[in-house]
Amino acid sequence: MTWQLFSLLVQASGMTILISTISILVGLGVAILLSAARLSHLRVLHGFTALFISFFRGVPLLVQLLLLFNLLPALGISLSGFATAIIGLSLCTAAYQAENLRGGFDAVPKGLIESADMAGFSPAQTFLRIRIPIALRLTFPALVNEAILILKASSLVSVVGVIELTRMAQNLSASTFMPVEIFASAGLIYLVINQVVAAIGRYAERRLPGMGQAAR
Amino acid sequence: MNFDIGVILAKGPQILSGLGVTVLIWIAGTFLAAALGFVIATARHYGGPLIGAVLAIPVEVLRGTPFLVQIFLLYFGGPYIGITLDPIPAGLLGLSVYGAAYYAEIFRAGYQSVPPGHVEAADCLGFSRGQTVLRILLPEMALIVLPPSVNMAIILLKETALLSLITVPEMTLTVQAIGSQQYAFLESLVVLALVYWALVELAGTLGRLAERYFSRYRLALK
């Protein structure tokens, strides 16, 4: 295991971090939309969100990615592997994040929503200014957890040809016949990234306003 | 676009054999993972600070790295360090060890959730440590660890799909092979997704039924 091989792995981990970060943020946006749909008064939307969440949580991510990579071209949509990987990871994490956010939205004190009503907030304003900030604050630890899960799950996009950390490790392992050193190094890099994310999460959790303040 | 799901369904027996491998590896893997996880959690609980700190390392490493990298290391790297396994044993070992790290954390939380007063009471009544674990800690933990254990079992069910990448002849590999023989990739993947979805929903429903059944003992805890 030379320093050169290791640095190739570290470079490829940039792609892992990039794909994961974009997917988590896009997934959070979709999860907020799903939560809005669930809080709306339209029955059709409730059914749709339930089905969406059940499907993306019920099918292995590998199968979802393979399906997406075959489905989009069949529908005449041609996107790069990178874009398709992000769509796949985002939809999957959106379902999990929506499930996490559900707890947060349920825990928003009723009194706050009633006072917003009394103060003349429209339902949209109440959602944007009261419900979302409190639900996000309450579920912040779950978001950090989900970020770590997605960093690990992003290894699956190697299967559909995106050159990230796991795919680079596979390529190097095939060309150097050093699978032990290379996969162990890849694992070490994932471990370091995840520890850093967890540490940032713990730091942010301490620095963010406490729930007492946020709910007041 | 030509979409004919019939060509996949015509291969029903092959799909069922893949499904059988998936279910067997899943159940055996979950059982072994829970057993190993319980041993790790128990050793960490009673083993003192040194054993606790030593056992925390593999648990953190297994929880902090992707399952895919772990099975690649085991299956492709194993032969270089004297571990040569066929796909199915390698898959089963990989799944069990990976799951064990998560079950160790679940049982650790379980141990911590039992009120110390109950253990002290058992001590006062002259229970041996083994009796305390079997008669006090385990029954009380069971209620607390059941929901996360079911959750983890479902996660492991979905992780078995990755074993197709180390050529374990489970459902994902089988159905994909049918898809390429019949030149019907999309159809094969739709069938695959639907079968997994049904399986996960079924497992989730059974888990909820079990939780409801065991919740009758909750009152006894107070």
Side-chain angles (χ1 to χ4, degrees), chain A residues 16 51 54-76 92 96 145 148-159 164-167 169-170 173-174 177-198, chain B residues 1-3 22 57 60-83 98 151 154-165 170-172 175-176 179 184-204:
Chain A
T16 288
L51 209 60
S54 164
F55 178 82
F56 285 101
R57 282 164 43 104
V59 176
L61 179 60
L62 175 65
V63 177
Q64 290 176 29
L65 288 171
L66 291 170
L67 191 57
L68 197 65
F69 267 76
N70 284 281
L71 183 66
L72 292 183
L75 296 174
C92 182
Y96 284 91
N145 233 356
I148 291 173
L149 286 177
I150 283 302
L151 271 162
K152 290 189 287 174
S154 74
S155 63
L156 296 195
V157 307
S158 64
V159 176
E164 40 64 76
L165 181 48
T166 300
R167 182 57 177 247
Q170 278 176 280
S173 152
F177 300 104
M178 293 197 295
V180 177
E181 295 87 337
I182 285 170
F183 285 122
S185 306
L188 182 71
I189 297 171
Y190 276 110
L191 194 60
V192 169
I193 298 173
N194 285 329
Q195 296 291 340
V196 169
V197 171
Chain B
M1 178 181 147
N2 199 357
F3 192 85
T22 289
I57 296 169
E60 279 307 302
V61 169
L62 289 164
R63 278 159 38 92
T65 53
F67 180 52
L68 187 59
V69 173
Q70 294 171 18
I71 54 175
F72 280 168
L73 180 60
L74 175 67
Y75 187 70
F76 297 120
Y80 289 81
I81 49 171
I83 309 168
Y98 167 77
N151 213 11
I154 290 174
I155 291 174
L156 290 179
L157 170 58
K158 289 187 284 170
E159 299 285 18
T160 60
L162 301 201
L163 301 181
S164 64
L165 299 171
E170 46 66 77
M171 192 165 56
T172 300
V175 176
Q176 275 191 282
F185 295 108
L186 189 57
E187 291 87 338
S188 71
L189 291 166
V190 169
V191 170
L192 190 59
L194 291 177
V195 177
Y196 273 117
W197 193 6
L199 214 52
V200 166
E201 285 296 323
L202 180 70

What side-chain donor-acceptor pairs closer than 3.5 Å can you find for residues 189-198 of chain B, not counting sequence neighbours?
residue, atom, partner, partner atom, Å
B:Tyr196, OH, B:Glu170, OE1, 3.3
B:Tyr196, OH, B:Thr172, OG1, 2.7
B:Trp197, NE1, A:Ser54, O, 3.3
B:Trp197, NE1, A:Ser54, OG, 2.7

Quick one: pull up [atom1] in [X] and [atom2] in [Y] and give me the separation to the nearest 0.5 Å.
X	Y	atom1	atom2	result
A:Leu188	B:Thr65	CG	OG1	10.0 Å
A:Thr166	B:Leu165	OG1	CG	10.5 Å
A:Leu61	B:Glu159	CG	CD	9.0 Å

- Interface residue of largest heavy-atom contact number with chain A, from B:Gly77, B:Gly204, B:Pro66, B:Gly64, under 4.5 Å: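 With the most close heavy-atom pairs to chain A, the winner is B:Pro66.
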Handout entry: Most chain A-contacting option - heavy-atom pairs closer than 4.5 Å, from B:Ile81, B:Val175, B:Val61
Key =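 Among the listed options, the one with the most contacts to chain A is B:Val61.
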With side chain to side chain contact (heavy atoms under 4.5 Å, CB included) as the test, would you mind laying out the steps for A:Leu62 and B:Ser164 before giving the verdict? CA-CA 10 Å; A:Leu62 175 65; B:Ser164 64; 3.8 Å; yes
Which bit of [X] comes within less than 4.5 Å of chain A, counting heavy atoms only: side chain, backbone, both or neither?
X	result
B:Gln176	side chain
B:Ile154	neither
B:Thr160	neither

Identify, with sequence neighbours excluded, every residue that meets ring-ring contact (aromatic ring centres under 6.0 Å, His included) alongside B:Phe76.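 Partners of B:Phe76 by the ring-ring contact (aromatic ring centres under 6.0 Å, His included) criterion, ordered by chain and then number, come out as B:Phe72.
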Using a cut-off of under 4.5 Å on heavy-atom pairs, state which of A:Pro179, A:Ala198, A:Ala186 scores highest against chain B.
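Option with the greatest count: A:Pro179.
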Would you name the heavy atoms of [X] and [Y] that are closest together and state the gap between them?
X	Y	result
B:Lys158	A:Pro60	O-CB, 3.5 Å
B:Leu68	A:Ser155	CD2-O, 3.4 Å
A:Tyr190	B:Val69	CE1-CG2, 3.7 Å
B:Glu60	A:Leu191	O-CD1, 3.6 Å

What part of [X] gets within 4.5 angstrom of chain B, counting heavy atoms only: side chain, backbone, both, or neither?
X	result
A:Phe177	both
A:Leu66	both
A:Gln170	side chain
A:Asn194	side chain
A:Val192	neither
A:Leu156	both

